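The structure appears right after this line, and notes come after that.
Every chain is numbered from 1 and lettered A, B, ... according to where its sequence line falls, protein lines coming before strand lines. As the structure is a prediction and not an experimental result, all values here were calculated from the model.
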There are 2 protein chains.
Amino acid sequence: MNKDNAISILREKGVKITPQRRFVIESILDDRTHPCAEDVYFKVKKKLPEISLATVYQTLDLLEREGLLLKISLPDGKSHFDPFVKPHFHFYCENCGKIEDRDVMNENPLKDIIKRERAGFEIKNYTVIVYGFCKKCKSKGV
Amino acid sequence: MNKDNAISILREKGVKITPQRRFVIESILDDRTHPCAEDVYFKVKKKLPEISLATVYQTLDLLEREGLLLKISLPDGKSHFDPFVKPHFHFYCENCGKIEDRDVMNENPLKDIIKRERAGFEIKNYTVIVYGFCKKCKSKGV
DNA sequence: GTACTTGCAAAATATTTGCGTTTAT
DNA sequence: ATAAACGCAAATATTTTGCAAGTAC
């Protein structure tokens, strides 16, 4: 999704478009590095020095509520944000903390989940997080 | 897994078995309510009043490292612990915070993940967390 | 006996909140 | 004009850590 699309969607829902929100949206929508709130804060701060961390938190929460971001809670104690909201796996390296995306190509794990929706649970979203060691850390013998 | 099995496994690995560890193990190994560290602390405290929260944290981390517990990071900002370490889904209700387990019966989502292990990532474990509203909250019209 | 574990309190970290001011609509 | 959003700082919450005392082996 591009920035203008996102802003249109938000406007239609009656969300006010402030400069702070513009810059956060611009920063996160093409960022596949899974930044945490503070990462986004520092990145945006370069272009909009007066922005506050609290506003970044609030904006990221807003974007997640509106379905434009996936929020991923990891064992590093932080929330990480991903603008790619289609089903995919997250590989989390327990050594270096890097998160790699792996798109689900041949088999949608949602299939099995969807079956259970009928059991009463209303599904909004889901995350798959795989823990282990990435290629680089593995080769270092961690 | 029962308590004695767990203790044997730990002993074989050279882990010292203290009363604190015994009580934490006893408390968590048959607890499918996905307690957080503080929940375990209060539960154990009833039987071992002098135990400290720090010890509970350390013990839960130990048990997770040894593969006896699954640690699940959730958007409530806490880590939750699950003694059932076989592949299954966690349904997290964003309204009441309840976590329901759904066992994976007919199709193992790990299959797809395992394929990618060859791509270099060394897999230790994984979690599937489904976000939404549980039957109860849904019927209340949340 | 010794290395590891504990309890306690303090520190560190992440996130949320209260509030007076500013701003998008 | 007004309801919402902002920045700041303080508050809250979770988890970690340093250290002296205690304990499993």
Side-chain angles (χ1 to χ4, degrees), chain A residues 6-25 27-28 34-66 69 71-81 94 97 99, chain B residues 6-25 27-28 34-66 69 71-81 94 97 99:
Chain A
I7 289 177
S8 296
I9 290 170
L10 293 174
R11 260 194 221 288
E12 275 169 31
K13 299 194 180 193
V15 173
K16 286 187 185 174
I17 305 303
T18 64
Q20 290 86 346
R21 286 177 175 173
R22 272 180 203 282
F23 277 98
V24 170
I25 291 169
S27 167
I28 191 77
H34 307 86
C36 67
E38 208 172 33
D39 295 333
V40 175
Y41 171 62
F42 285 123
K43 196 172 159 196
V44 170
K45 213 172 158 55
K46 287 179 188 167
K47 299 192 170 183
L48 193 71
E50 69 269 28
I51 199 171
S52 74
L53 182 55
T55 296
V56 172
Y57 269 104
Q58 287 158 3
T59 304
L60 291 172
D61 278 355
L62 167 73
L63 296 176
E64 193 226 351
R65 275 200 311 280
E66 299 300 347
L69 290 182
K71 183 178 178 176
I72 308 156
S73 302
L74 292 179
D76 65 0
K78 300 184 221 172
S79 294
H80 294 257
F81 296 88
E94 293 180 324
I99 306 162
Chain B
I7 288 176
S8 298
I9 290 171
L10 293 173
R11 259 193 221 287
E12 275 169 31
K13 299 196 180 193
V15 173
K16 286 185 183 172
I17 305 303
T18 63
Q20 290 85 345
R21 287 177 175 172
R22 273 182 203 282
F23 278 97
V24 170
I25 291 168
S27 167
I28 191 75
H34 307 86
C36 65
E38 207 171 33
D39 294 334
V40 176
Y41 171 62
F42 285 123
K43 196 172 158 194
V44 170
K45 213 171 158 54
K46 285 180 188 166
K47 298 194 170 178
L48 193 71
E50 69 270 30
I51 199 169
S52 75
L53 182 54
T55 296
V56 172
Y57 269 104
Q58 288 158 4
T59 304
L60 292 172
D61 278 353
L62 168 73
L63 297 176
E64 192 225 352
R65 275 200 311 280
E66 301 300 347
L69 289 182
K71 183 177 177 175
I72 308 158
S73 302
L74 292 180
D76 64 0
K78 301 184 221 173
S79 295
H80 294 257
F81 297 88
E94 294 180 322
I99 305 162

Out of D:dG7, C:dA14, D:dA5, which has the shortest distance to the side chain of A:Ser52?
D:dG7
Go through D:dT16, C:dT16, D:dC25 for me and flag the one nearest to the B:Ile17 side chain.
D:dC25
Quick one: label B:Glu50 by what it contacts on the DNA or RNA (base, sugar-phosphate, nothing), any heavy atom closer than 4.0 Å.
sugar-phosphate
Can you check whether A:Glu66 reaches A:Ile9 side chain to side chain, under 4.5 Å on heavy atoms?
no
Of the nucleotides C:dT6, C:dT17, D:dG7, which has the atom closest to the A:Gln20 side chain?
D:dG7
Look up atom OG1 in B:Thr18 and atom CD in B:Gln20, then write down how far apart they are to the nearest 0.5 Å.
4.5 Å
Partner of A:Thr59 under side chain to side chain contact (heavy atoms under 4.5 Å, CB included), picked from A:Arg21, A:Glu64, A:Arg22, is A:Arg21
To the closest 0.5 Å, what do you measure between OG1 (B:Thr55) and CD (B:Glu50)?
10.0 Å
Below the 4.0 Å mark, does C:dT16 have OP1 or OP2 next to a side-chain nitrogen or oxygen of A:Tyr57?
no
Nearest-angstrom distance from the residue atom CG of B:Asp76 to P of C:dT15
12 Å
Is the shortest side-chain heavy-atom distance between A:Phe81 and A:Ile28 below 4.5 Å?
yes
Look at the side chain of B:Lys16 and decide which nucleotide, out of C:dT6, C:dT25, C:dA3, has an atom nearest to it.
C:dA3
Taking NE2 from B:His80 and P from D:dA13, how many angstroms apart are they, rounded to a whole number?
15 Å
Taking atom C1' of D:dT14 as reference, at what distance in whole Å does atom OH of B:Tyr41 sit?
14 Å
What is the nucleic acid contact for B:Asp61, judged by heavy atoms within less than 4.0 Å: base, sugar-phosphate only, or nothing?
sugar-phosphate
If you assign A:Arg11 and B:Leu53 each to the DNA chain C nucleotide with the nearest heavy atom, which residue ends up on the more 5' nucleotide?
B:Leu53
Specify the residue among B:Arg22 and B:Lys78 whose closest nucleotide of DNA chain D lies further upstream toward the 5′ end.
B:Lys78
Expressed as a whole number of angstroms, how long is the span from B:Lys45:NZ to C:dT6:P?
15 Å
Separation of atom CZ in A:Phe23 from atom C1' in C:dA24, rounded to whole Å:
16 Å
Under 4.0 Å from OP1 or OP2 of C:dT6: is there any side-chain N or O of B:Thr18 that close?
yes
Whole-Å distance separating the CG atom of B:Leu60 from the P atom of C:dT5
15 Å
Take atom CD of B:Gln58 and atom P of D:dG18, then tell me their distance rounded to the nearest Å.
12 Å
Taking 4.0 Å as the cut-off, does a side-chain nitrogen or oxygen of A:Thr55 come that near to OP1 or OP2 on D:dA5?
no
In whole angstrom, what separates B:Ile51's CD1 from D:dG22's P?
18 Å
With a 4.0 Å cut-off on heavy atoms, is B:Pro19 in touch with a base, just the backbone sugar-phosphate, or nothing at all?
sugar-phosphate
